[in-house]
Amino acid sequence: MAGHGADEHPHGADRLCETGDRVYSRAVRRGRVPRRDADPVPCLLELALLHPDPDDMDWLVPTSPQEVMTRLLRGMYDEVSASQRRLGSAVTAVEWYAGLGHQVRSAAPAAEGPAIRVLDGLARIQAAMDEATRACTAEVLTVQPGGIRREAELSEGLHRAMALRGRGVRMRDLYTHVARHGQGLLTYLELMGDAVEARTLDEVIDRLILFDRTVAFIPANTDRTMALELRHPAIVEYLVTVFDRLWRLAIPLKAPLPDTGIEGISHREQSIAALLAEGHQDAVIAERLGISVRTCRAHIARLSETLGAASRTQLGVRIAQAGLDGPQHSTTSLNVPGQESPSVR
């Protein structure tokens, strides 16, 4: 009987269940109740509100309400006392930690905020970017993935870029090759003049913005509604090194892309071929190159036609035979299966 009472009646004497209230009240009024009346409410025995009648074990007699009240008040007093002790311990601990915090601030008065700060929401991101822009005096480095930049995106940061140009700050931007086809970017670069230098790569890392090599901003989730503001010197230096190495590999926006050396295969299709050879799916290739999946598949179809491949498996073989599965070539003529003397583009 007691084995299932705690699960079915999870309460204390301060708040009886409806059935328990009815049986206990009856026992108080009558002086005792039959044991069978308490079968549905084992909580009354577990809480010592009813106990066996010494003169007749088939009956149960109630604990007086006055004794129950005394027991409840004693329990409340004990709980309050325990809470006061915990509160006192917590206050002591807070004072101790506060003292440590004061010591840290005294030892490092030049610290400027946390080394890593999470910016949740576009408003906080924009505010932090505006603050970094106002403090910037020398250089801004950015990586902008995603293909053709929408004019809305370019307009969003235009006020910051104009403010930087007005103070003589130099800017270097990295884009994917696909961005070359966006008129909005060309208009933006023409507006900024010599203040901005842009280069492109087949693919770049996720978005990165660096101010004066002291603070960096990177996305913290896929939809870019959260960002990380990074001020730790080692992390910022690492990101600057990554940018500089990508910059050396990139091609100036005003310079033409290098020739593939294979007639009928564009530079973009050469990049797609290399990624196919690595085993990537169409959607992954499209994302990395900043193009749509539909455009990616159209290029793959042209690749198959140019290389004479009737299936994806055969296309992989043809890509390897043509040497498109490794580093990109420039103007060296390569033989394509099914073609005897392709001309150099």
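Partners of Thr142 according to the side chain to side chain donor-acceptor pair (under 3.5 Å) rule, which considers only residues two or more places apart in sequence or in another chain, are Asp173.
In this structure, Arg172 is positioned above the aromatic face of Trp247, its NZ or CZ under 6.0 Å from the six-membered ring centre and within 45° of the axis.
Leu230 and Phe211 fall into different hydrophobic clusters, where Ile, Leu, Val, Met, Phe, Trp and Tyr are joined by side-chain heavy atoms under 4.5 Å apart, directly or via other members.
Here the shortest heavy-atom pairing between Ala250 and Leu174 reads CB-CD2, 3.5 Å. Annotation for Asn221 and Met226: closest pair OD1-N, 3.1 Å, computed over non-hydrogen atoms. The two residues Gly20 and Val41 have their closest heavy-atom pair at N-CG1, 3.4 Å. The two residues Val143 and Phe243 make their nearest non-hydrogen contact at CG2-CD1, 3.7 Å. Ile272 and Cys296 get closest at one heavy-atom pair: CD1-O, 4.3 Å.
Ion pair Arg32/Asp55 not flagged as a salt bridge, since none of the NZ, NE, NH1 or NH2 atoms sits closer than 4.0 Å to an Asp/Glu carboxylate oxygen. Using a 4.0 Å cut-off between a side-chain N of Lys or Arg and a carboxylate O of Asp or Glu, Asp206 and Arg224 qualify as a salt bridge. For Arg312 and Asp282, the salt-bridge test passes: some basic side-chain N is under 4.0 Å from an acidic carboxylate O.
Listed for the Tyr175 side chain is no donor-acceptor partner under 3.5 Å among the backbone atoms of Val204.
Residue pairs meeting the salt bridge (charged side-chain N to carboxylate O under 4.0 Å, His left out) criterion with at least one member in residues 298-310, sequence neighbours excluded, are Glu269-Arg302.
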Exercise for review: Step by step, work out the salt bridge (charged side-chain N to carboxylate O under 4.0 Å, His left out) result for Asp21 and Arg26.
Suggested key: CA-CA 9 Å; Asp21 187 2; Arg26 188 188 313 139; over 6 Å; no

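Environment of CD in Gln314: crowded, with over 12 heavy atoms of neighbouring residues, nucleotides or ligands closer than 6.0 Å.
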